[in-house]
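Bear in mind the structure is a predicted one, so any value in this text is a computation, not a measurement.
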Amino acid sequence: MKELLLGNKALARGLYEAGCSVVSSYPGTPSTEVTEEAAKFKEIYCEWAPNEKVAMEVAFGASLAGKRSFCGMKHVGMNVAADPMFTAAYTGVNAGLVICVADDPGMHSSQNEQDSRHYAAAAKLPMLEPSDSAEAYEFAKLAYEISETFDTPVIIKMCTRVAHSQSVVETGERVLPQEKPYLKNIAKYVMMPGNAIRRHPVVEERMRKLAAFADEQTGEVSVCPLNRVEMGGTELGIITSSTCYQYVKEVFDKKASILKLGMVYPLPEQAIRDFASKVERLIVVEELDPFIENQCRAMGLAVTGKDIFPLEGEFSQNLIAEKLGLPVPAHESLKEALPARPPAMCSGCPHRGLFYTLAKNKCTVLGDIGCYTLGAVAPFSAMDMTLCMGASVSGLHGFNKALGKESEGKTVAVIGDSTFMHSGMTGLANIAYNQSNSTVIILDNSITGMTGHQQNPTTGYNIKGEPAGKIDLESLCRAMGIERVRVVDPYDLAECDRVLKEELAAEEPSVIISRRPCVLLKYVKTNPPLRVNGEKCVGCKSCMRLGCPALTVKNKRAVIDATLCVGCGVCEQLCKFGALGGIQ
């Protein structure tokens with residue numbers, strides 16, 4: 001049956017048809033939908049793990065047990081999962097193990113723009129890179145065959161444009177593979193030095209076989225070729241992959257010859273040499289780093305790439321045409337300048353009251369990854385650092401150890417409930433163990449908000465919304481050695497201010513849990529929108545310090561947009577004239 005599928009949904013369909021039985025992932029844009037879609041198949045056990053390292057280890061355990069498994073993450077999540085992944089390259093697999101990493105060129109929702117292809121080379125694992133939904137679907141099935149044929153985990157690299165675009169996919173039926181019983185094999189799976197040193201030559205030999213497979217497309221795997229040549233004009237030969245292939249096709253059509261790579265590691269060296277011999281000029285078109293280009297240069301080929309194309313950002317048809325000296329279609333500019341629309345916390349966001357309090361108290365705030373990172377933008381500008389998941393807590397400890405009394409009474413860490421479970425706990429354990437006078441604020445909005453409302457170990461529900469084990473944050477923090485644990489409602493500005501001052505003044509580690517569910521959750525009941533009493537409003541703009549999208553000023557008076565206001569009442573607490581409130 002032919003269907004129009006999102007790239008991530010197509011990949012999930014491929015997992016299903018290939019007989020995948022276990023999926024463990026951590027949500028991260030643009031990878032999240034793969035696992036969400038896989039969870040819709042009753043035949044696949046799916047879960048959100050606390051972090052990517054745990055997810056990778058769960059998937060490895062399922063593979064070891066003889067079931068095809070999958071682990072998905074975004075590019076920065078691969079940094080977290082790298083520890084087990086590198087060693088899994090040495091152990092190999094029992095049943096197939098597929099790892100999906102989704103890169104984010106252009107940093108639409110990420111803190112960096114790293115190129116995950118380097119992980120394939122560093123870990124010595126094969127990497128497949130689909131260019132549309134149909135390939136995402138096919139490559140998912142092919143990855144399991146490669147995994148079991150060559151005894152290796154296989155990485156599928158997605159990117160934002162492939163993951164979140166749609167194309168036609170012809171789907172089939174689920175086919176369960178032949179069972180692979182677990183057999184005890186200490187020499188293969190117990191990676192102590194004496195065994196690991198014997199596995200390294202196995203890895204190198206496997207890479208040689210994979211390189212031959214990439215080149216010849218022969219062996220036990222008999223499916224559509226991963227790498228293909230599309231000959232056209234021979235003045236220009238382009239080596240490319242992923243979405244860049246689509247852009248190149250649109251720009252050149254048959255005017256150039258194309259070597260389209262579906263396996264970006266290891267590369268098909270002989271195929272590249274053969275292709276290069278047939279064209280007058282060789283160009284590599286790839287986003288971010290010169291990964292393919294450098295390998296071509298190492299082969300001794302004269303190739304053009306990053307000397308004309310940028311090292312950063314997403315490519316486009318027009319960019320490729322411009323860099324190669326081709327005509328670029330004229331653009332028609334808008335006649336009116338559109339107002340800037342910077343990202344902002346939602347109306348009624350529970351984080352707003354807390355960040356107002358932090359800004360009011362002129363706190364130094366070490367932040368983390370989540371919706372609350374928006375506390376760094378105006379009007380609060382209440383964040384001094386965001387590095388990676390969990391770094392707020394560990395960073396706070398280091399900051400206070402470095403500066404002592406100079407910083408202890410005015411510096412805090414802010415971290416979400418899901419991020420705290422991901423990698424904040426170890427930082428808090430360090431604070432408790434090594435005793436820095438640090439105040440950690442856990443922003444508990446009862447969900448993983450930034451990636452679209454996924455459950456986590458603190459919510460009490462699993463990926464399917466079924467009741468699950470629930471971690472009590474207060475008890476956990478106390479069990480880790482933190483004696484001062486306070487809970488506040490971020491809608492109560494006076495309470496937030498009082499508790500913050502008390503904990504910053506305390507001379508011991510403390511945790512403040514700012515608890516109120518995300519206002520966008522379906523079960524959260526909002527209040528009627530507030531109104532402005534025009535006779536009482538003096539236009540002081542005190543309410544505007546909240547940066548709430550529902551509040552504007554017109555004719556020197558506050559105005560509330562009834563379609564946005566959720567009646568949280570936080571703005572009422574800032575109005576000294578009683579001009580805000582009531583029911584419209």
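In this structure, a donor-acceptor pair under 3.5 Å is absent between the side chains of D115 and H75. Residues Y26 and Q454 have side chains that never bring a donor and an acceptor to within less than 3.5 angstrom of each other. With 3.5 Å as the limit, one finds no donor-acceptor pair spanning the side chains of Q317 and Q246. Defined by atom type and a distance below 3.5 Å, a donor-acceptor pair is present between the side-chain atoms of T419 and Y372. Side chains of E322 and N318: a donor-acceptor N/O pair is absent below 3.5 angstrom, by distance only. S131 and E135 share a donor-acceptor pair across their side chains, judged by distance under 3.5 Å alone. At a cut-off of 3.5 Å, with distance as the only test, a side-chain donor of Y245 or E230 sits close to an acceptor on the other residue.
No close placement of the Y247 and F315 rings is indicated, their centers lying 6.0 Å or farther apart.
Residues I239 and I272 have side chains in contact (heavy-atom distance under 4.5 Å, counting atoms from C-beta outward). Counting heavy atoms from C-beta outward, V23 and E47 have side chains that stay 4.5 Å or more apart. Residues K260 and V248 fail the side-chain proximity criterion, which asks for heavy atoms closer than 4.5 Å.
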Next on the checklist: With salt bridge (Lys or Arg N to Asp or Glu O under 4.0 Å) as the criterion, how do D103 and R117 come out once you've worked through the C-alpha distance, each side chain's angles and the decisive distance to 0.1 Å?
Outcome noted: CA-CA 9 Å; D103 282 9; R117 294 177 297 176; over 6 Å; no

Next on the checklist: Walk me through whether K74 and T29 qualify under side chain to side chain donor-acceptor pair (under 3.5 Å).
Outcome noted: CA-CA 6 Å; K74 68 183 296 178; T29 306; 5.8 Å; no

Item to check | Worked verdict on E179 versus K67 for salt bridge (Lys or Arg N to Asp or Glu O under 4.0 Å) | outcome: CA-CA 8 Å; E179 287 193 16; K67 299 293 185 182; 5.0 Å; no

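In this structure, F41 and Y16 have parallel ring planes: the angle between them is below the 30° cut-off, well short of the 60° mark.
The distance from atom OG1 of T35 to atom CH2 of W48, rounded to the nearest 0.5 Å, is 4.5 Å. Distance check, rounded to the nearest 0.5 Å: CD of E33 to CG of N8 gives 5.0 Å. In this structure, CD on Q114 lies 9.0 Å from CE on M78, to the nearest 0.5 angstrom. Here R13 contributes atom CZ and E3 contributes atom CD; the two are 6.5 Å apart, rounded to the nearest 0.5 Å. Expressed to the nearest 0.5 Å, how far CD of E57 lies from NZ of K53 amounts to 3.5 Å.
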